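Inspection log for the structure reproduced underneath, given as structure tokens.
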Amino acid sequence: MTDMPDIQSVETEDEYIHVRFRDPDEFDTIRTPDWAEHAARDVSEGAEVRTGKRKESDDWEVQSVLIKKQAGEDTARDEAKQILEKIESE
């Protein structure tokens with residue numbers, strides 16, 4: 001199992017708090033897959049997960065997690081970490 005990445009940034013946007021784990025420039029493609037959304041909802045209702053496909057690789061990794069704004073930044077950090085751990089430990 002790989003080490004879990006640290007949070008790189010937390011930004012509050014219109015409806016979400018965007019918790020970024022990896023630089024989007026590291027990826028060729030970024031998507032919000034349905035399977036990740038289902039995993040995220042077990043932790044935080046309405047959360048979204050953006051996954052990225054690395055350049056020169058077929059591996060997909062969690063790039064960022066979006067948590068509903070009303071959760072607050074501290075809760076968003078905790079829930080995003082839980083979602084990341086849940087997805088990357090499977």
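Just so you know, these numbers come straight off a predicted model, no measurement behind them.
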Using links of under 4.5 Å between side-chain heavy atoms of ILVMFWY residues, direct or through other members, which residues join I30 in one cluster? F27

For [X], what residues pass the salt bridge (Lys or Arg N to Asp or Glu O under 4.0 Å) criterion, not counting sequence neighbours?
X: E37; result: R41
X: R54; result: E26, E61
X: R77; result: none
X: E85; result: none

Which heavy atom in S9 sits nearest to a heavy atom in E11, and how many Å separate them?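 Distance-wise, the nearest heavy atoms are OG-OE2, 4.0 Å.
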
Minimum heavy-atom separation for V62 to L84, with atom names?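 Smallest heavy-atom distance, with atoms named: CB-CD1, 3.4 Å.
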
Can you sort out the partners of T12 under side chain to side chain donor-acceptor pair (under 3.5 Å), two or more places apart, ordered by chain and number?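 Expected list: E73.
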
For E13, which residues count as a side chain to side chain donor-acceptor pair (under 3.5 Å) partner, sequence neighbours excluded? H18

Find the distance between [atom1] ([X]) and [atom2] ([Y]) and round it off to the nearest 0.5 Å.
X: T51; Y: R22; atom1: OG1; atom2: CZ; result: 10.5 Å
X: E48; Y: E15; atom1: CD; atom2: CD; result: 9.0 Å
X: K55; Y: T29; atom1: NZ; atom2: OG1; result: 10.0 Å
X: I17; Y: K69; atom1: CD1; atom2: NZ; result: 8.5 Å

Passes side-chain contact (heavy atoms from CB on, under 4.5 Å), E88 versus M4? Steps please. CA-CA 8 Å; E88 295 202 350; M4 295 291 164; 3.8 Å; yes

Who are the side chain to side chain contact (heavy atoms under 4.5 Å, CB included) partners of A47, not counting sequence neighbours?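 Counting only residues at least two positions away or on another chain, A47 forms a side chain to side chain contact (heavy atoms under 4.5 Å, CB included) with A40, S44, I67, I83.
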
Contacts of type side chain to side chain contact (heavy atoms under 4.5 Å, CB included), residue D42, not counting sequence neighbours: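 In terms of side chain to side chain contact (heavy atoms under 4.5 Å, CB included), with neighbours along the sequence ignored, D42 is linked to K86.
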
Heavy-atom side-chain contact between F21 and Q63 under 4.5 Å: no

So if you build clusters from Ile, Leu, Val, Met, Phe, Trp, Tyr with side-chain heavy-atom gaps below 4.5 Å, do V43 and V19 land together? yes

